[in-house]
Novice: 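Dropping a structure here in C-alpha cells format, bear with me for questions.
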Amino acid sequence: MPVFKLDLTTAHVRLGEHKAQATDVTLKLTEEAAGALNTTLKTKVFSTGLTVGTADTQPTF
C-alpha cells in the first residue's frame, strides 16, 4: 500500500552527472493510508492529502 504521495511543488531539485538531489519534498497521505490509520486507531483525523512532513533524498546512478 502506498503511504505517501510525493509533492514536488515546493521541492528544490538539482541534477548532477551521477546523482540527483531533491530537498523539501512534501509528503501527503494517500487515501489508502488515511483509511488504514483511521481504522486502526479508531479515529477520523487522517484525511487524503494530509501533509505529514517533508523529505530530502540523494539518489545516485
Side-chain angles (χ1 to χ4, degrees):
M1 157 190 345
V3 178
F4 302 118
K5 179 178 178 183
L6 305 179
D7 181 354
L8 300 174
T9 304
T10 60
H12 304 282
V13 179
R14 286 186 263 163
L15 299 176
E17 188 173 338
H18 295 288
K19 67 179 181 176
Q21 181 179 33
T23 57
D24 297 323
V25 178
T26 303
L27 304 175
K28 296 188 175 192
L29 210 54
T30 64
E31 181 178 0
E32 298 88 350
L37 286 166
N38 284 328
T39 299
T40 301
L41 300 174
K42 298 183 172 111
T43 187
K44 294 181 182 180
V45 298
F46 298 100
S47 60
T48 302
L50 176 69
T51 298
V52 295
T54 60
D56 299 336
T57 186
Q58 290 186 325
T60 55
F61 45 91

Novice: For a quick test of your reading: what N or O donor-acceptor pairs under 3.5 Å do the side chains of residues 35-45 make, sequence neighbours left out?
Specialist:
from: Asn38; atom 1: OD1; to: Val45; atom 2: N; distance (Å): 3.3
from: Asn38; atom 1: OD1; to: Phe46; atom 2: N; distance (Å): 3.0
from: Asn38; atom 1: ND2; to: Ala34; atom 2: O; distance (Å): 3.2
from: Asn38; atom 1: ND2; to: Phe46; atom 2: O; distance (Å): 2.7
from: Thr39; atom 1: OG1; to: Gly35; atom 2: O; distance (Å): 2.9
from: Thr40; atom 1: OG1; to: Ala36; atom 2: O; distance (Å): 2.8
from: Thr43; atom 1: OG1; to: Val45; atom 2: N; distance (Å): 3.4

Novice: Got a sec, which residues hit side-chain hydrogen bond (donor to acceptor under 3.5 Å, both in side chains) with Glu31, two or more places apart in sequence or on another chain?
Specialist: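 Once residues adjacent in sequence are excluded, Glu31 has no partner under the side-chain hydrogen bond (donor to acceptor under 3.5 Å, both in side chains) criterion.
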Novice: Within the 4.5 Å heavy-atom criterion, are Phe4 and Thr30 side-chain neighbours or not?
Specialist: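 Phe4 vs Thr30: side chains apart.
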Novice: Just to verify, what does Leu6 make a side chain to side chain contact (heavy atoms under 4.5 Å, CB included) with, not counting sequence neighbours?
Specialist: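 For Leu6, the residues satisfying side chain to side chain contact (heavy atoms under 4.5 Å, CB included) (neighbours in sequence not counted) are Val25, Leu27.
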Novice: Per the side chain to side chain donor-acceptor pair (under 3.5 Å) rule, what does the pair list look like for residues 6-24, sequence neighbours excluded?
Specialist: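 Checked against side chain to side chain donor-acceptor pair (under 3.5 Å) - neighbours excluded - the pairs reaching residues 6-24 are Asp7-Thr9, Asp7-Lys28, Arg14-Gln21.
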